[in-house]
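Since the structure is predicted, the reported quantities are computational estimates derived from the model, not experimental observations. The chains referred to below are lettered A, B, ... by the order of the sequence lines, with proteins before strands, and numbering in each begins at 1.
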Amino acid sequence: MDFRKIEEKWQNVWEKEKRFEVKNLEPNKQNAYILIEFPYPSGKGLHTGHVRSYSALDAVARKKRMQGYNVLFPMGCDAFGLEAERTAIKEHKLPQEIVARNIATFKEQLKMVGLSVDWSREISTCDPDYYKWTQWQFLQFYKHGLAEKQETNVNWCPNCGVLANEEVEGGYCCQCHSEVQQKTKAQWILKMTKYADRLLEDLKDTDYMEHIKTSQINWIGKSEGEKVTFQIKQGGTFDIFTTCIETIYGITFMVLAPEHPLVKKLKDKIENYAEVEAYVNEAKKKSDFERSELNKGKSGVCLKGITAINPANGKEVPVYLGDFVLASYGSGAVMAVPSHDQRDYEFAKEHGIDFIKVIEGNNEPTGCAYEKQDYLGANAKLINSEEFSGLIVEDAKKKIAEKLEKMGVAEKQVNFKMRDWVFSRQRYWGEPIPMVYCEHCGWQPVDEKDLPITLPQVESYEPTIDGESPLSLITDWVNTTCPKCGKPAKRETDTMPGWAGSSWYFMRYCDPKNDKEFASMDALKSWLPVDLYNGGNEHTTRHLLYARFWNKFLYDIGLSPVSEPFKSRISQGLVLGSNGVKMSKSLGNVVDPREVIKEYGADSLRVWEAFMGDYFQSVNWSDDGVKACNKFITKVYNFQDILVDGDEYSKELSVAMHTAIKKVTNDIDNIKFNTAIAALMILANEVQKVGKINKAEYKTLLLLLNPFAPHITEEVWTNQNFEPHIKDATWPVWDESKLVKDEIEYAIQINNKIIAREMFGTKLTNAEIEKQALENEKVKNAMAGKTFVKAIIIPNRLINIIAK
RNA sequence: GCCGAAGUGGUGAAACUGGCAGACGCACUGGACUCAAAAUCCAGCGAUGGCAACAUCGUGCGGGUUCGACUCCCGCCUUCGGCACCA
């Protein structure tokens, strides 16, 4: 049988009759939105790993359609980004060309797989009709005070200029492997931290896989504690943030970030200012990598002549600068309690500072700090803490906070690890940020009617040496007029990060051709929230945060109908190369689905990828299984030779049919494709044993297999002129009553050892089962000389007789 | 270091809510069909001992709970992902 020919035939039919195009509303149908993270069209094309998730979600979409849902299953390309730009530079072509070429390859590959995608809704983030709305949405962020130009640190490579975080690998540039440094630069940021609480809170309304939820929670990193104000004896104050206020009597020093503004303010009072200044400069030069990775040794310098006063007991303690303290978190200063914090412990050791122990418990470790994760909940008590000594830690925490709050030197504070979203990239291949700088009016948003601000097509777009965007060199493009006063002004030359376009693409699918708005409220209402969202694990955390944030903002300004865009989120396991490592061109272990499809057909590939293992677990690619699945499909195809008449399930196959329907239906719903295929194989084996299959049975088998092997099932269906047309056929349903058996085999155990197996009526009571079991010959023999104690009966499974 | 996912035959893996471990495949072995091969079909297939019926062991390691543990609890080991001084 020529699989390819059959598959091409049906793919063409589907395309011609626009089989999978959907309207936003369909009378008497419920909508379902099945979404797969759109691919980044890299030059490598798709590998068999992509096919795993695409065909899996396609199976879900196809089944839902047969169950009577109006299903949106769209596809597009996340086309802006560094890789296309880099490839373009290497090949001396325009990114536009590279992307067009890559998208063409992707589509060819995708179409060969036979996905039931509504291609009329295809989008690409680098299409001006699309990014016009990305820019428009940026303007809304700006107009609502959520976009702002701020001085922030950027990653800086001496060769390549400004780098995105994604380009920094372990402190080195991913391209030229130079050491990455930090540089302060004005950047656009989106104030995502304003949404931190809601991004955390609203997770409760979602049904993400547990580990995905956890990583959202960890990334947001909420911590609750106290902000405490410390007086400096020599004048001035500063705040610190702590989650361990109970250790305040254990403070023996304070540490400020090197960037802390107090350093300059106290200049005259610091006796060793030269040394301090040198340290600050040194810290500035260091990359984040050095500051974190290489410098666990806790470098620091004492501010001589400066002391801080512990508000709890009035004690004076020295103040240090230390670059382990991050200026960007909390208030850039910490209280140091070396007895109860490991970092403080190491710093104190390094610099010869005192320790004061303030907590005593019975699980104290030796040779390191006794930290909160150990003493909390361990019934530990305070010592050396004046009136709080003797209190249980948990009580002391409350009481000390109360005291300091009453004194007016402390207040409750919540901090987040999550930062605002640095939204500028000094790159060519991204959405231009639609802002104009005017000497008279400052930053001005581009007039909405002038959108999109398109990327100029230019010869040279390589990153500049000074770290400015390549767009800055294109003076024609840069020079414009101020939208406010009309005088000459300059365009913002930074572009948006790759994450921008992907933060709202699922909305555009709902209304992809709309040129009045990014999507109409009606269209959005009919599809959102996404019912099932699948994507790779690698960037789930950040993508979800960005997309959720973006949507929440649109929701707040009345442009999105839902506060959470995705009802559920799952992630497929990777398909690794046959050697157990990630597929990559350089390792030569990439398997192109086209090769497999040419040899065995798309249906075999799809069935195999469903069957190869648990969808959420990674697997090594092997094509042994493709052959097996091809065999299975051929077997089903050949059932045409043993087809007989019959509009009802035959007696011989009735139980097998209903069992399979139930199993396949539930397994697809529960994303257990491997066992769904196994159930179909079992059914096929049953048919083979019986030696014939009737129409009703064959139709059901074909429909159950259709989500996984859509081509061959439609081929057989059409060959046999089955009614109605397969596109109007409905998903089979099982009859639970047909699964009820009169008798079931039980295993009979005595003291957990299986002694016998016997059929038992399913209507028997436990007492009757026990009686019958004890009458079994083998049981009787085994019970000789033993005394019956009791019997444990697990319905339909086993009887365990306990005997002495 | 922290967080997350995982560890079951020669191999990919199943196992509902704690209830007969290894479903369904692959590979392998034997057989049927064939001049032969391929394809297909039938049978076997965790380990050890035994001619056998059968017995003992067996889900990374060590403990525990339970009549009963791949599954729950405690303590480890290994692999893979993510994050990295977050006060």
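Going from atom CD1 of A:I245 over to atom P of B:A87 covers 14 Å, rounded to whole Å. Taking atom NZ on A:K753 and atom C1' on B:G58, their separation rounds to 15 Å, with Å as the unit. Nucleotide B:C86 holds its C1' atom 13 Å from the CD atom of A:E371, rounded to whole Å. Between the CZ atom of A:F616 and the P atom of B:C80 there is a distance of 23 Å, rounded to whole Å. Atom C1' of nucleotide B:G81 and atom NE2 of A:H211 are separated by 9 Å, given to the nearest angstrom. Between the CG atom of A:L704 and the C1' atom of B:C24 there is a distance of 16 Å, given to the nearest Å.
Spacing of P atoms, B:A23 relative to B:G1, comes out at 40 Å, to the nearest Å. Look at the C1' atom in both B:U8 and B:U59: the space between them is 4 Å, to the nearest Å. Rounded to whole Å, the C1' atom of B:G10 lies 15 Å from the corresponding atom of B:G44. B:G12 and B:C28 have their P atoms separated by 16 Å, given to the nearest Å. Nucleotides B:A43 and B:A6 place their P atoms 36 Å apart, quoted to the nearest Å.
Closest contact between the side chain of A:V619 and the listed nucleotides B:C86, B:A13, B:C67 involves B:A13.
Checked by atom type, the side-chain pair A:N685/A:K635 shows a donor-acceptor distance below 3.5 Å.
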**OP:** Quick one: the dot-bracket string of RNA chain B, using Watson-Crick and G-U wobble pairs with both distances under 3.5 Å, [ ] for crossing pairs and | for bases paired to another strand.
**Re:** (((((((..(((......[....))).(((((.......))))).((((....))))..(((((..]....))))))))))))....

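Residue-level contact check: A:K222 touches neither bases nor backbone, having no heavy atom under 4.0 Å from any strand. A:D614 comes within contact range of the sugar-phosphate backbone alone, with a heavy-atom separation under 4.0 Å but no base atom that close. At a threshold of 4.0 angstrom between heavy atoms, the contacts of A:K627 with the nucleic acid are absent.
When side chains are defined from C-beta on, A:M254 counts as touching A:I240, because their heavy atoms get closer than 4.5 Å. Taking 4.5 Å as the limit, every side-chain heavy atom of A:M759 sits out of range of all side-chain heavy atoms of A:Y746.
Proximity of residues 684-693 of chain A to RNA chain B (heavy atom under 4.0 angstrom from any strand atom) is restricted to A:N685, A:Q688.
A donor-acceptor distance shorter than 3.5 angstrom exists from the side chain of A:E609 to the backbone of A:R52, with no hydrogens or angles considered. With A:K397 contributing its side chain and A:T243 its backbone, the two residues share a donor-acceptor pair below 3.5 Å. Of the possible polar contacts, one joining the A:D603 side chain to the A:I712 backbone as a donor-acceptor pair under 3.5 Å is found.
The glycosidic torsion of B:G30 lies more than 90° away from 0, placing the base in the anti range.
Ring pair A:F347/A:F253: centre-to-centre distance below 6.0 Å. For A:F611 and A:F632, the gap between ring centers reaches or exceeds 6.0 Å.
In terms of phosphate contacts, A:N800 brings no side-chain nitrogen or oxygen within less than 4.0 Å of OP1 or OP2 of B:G19.
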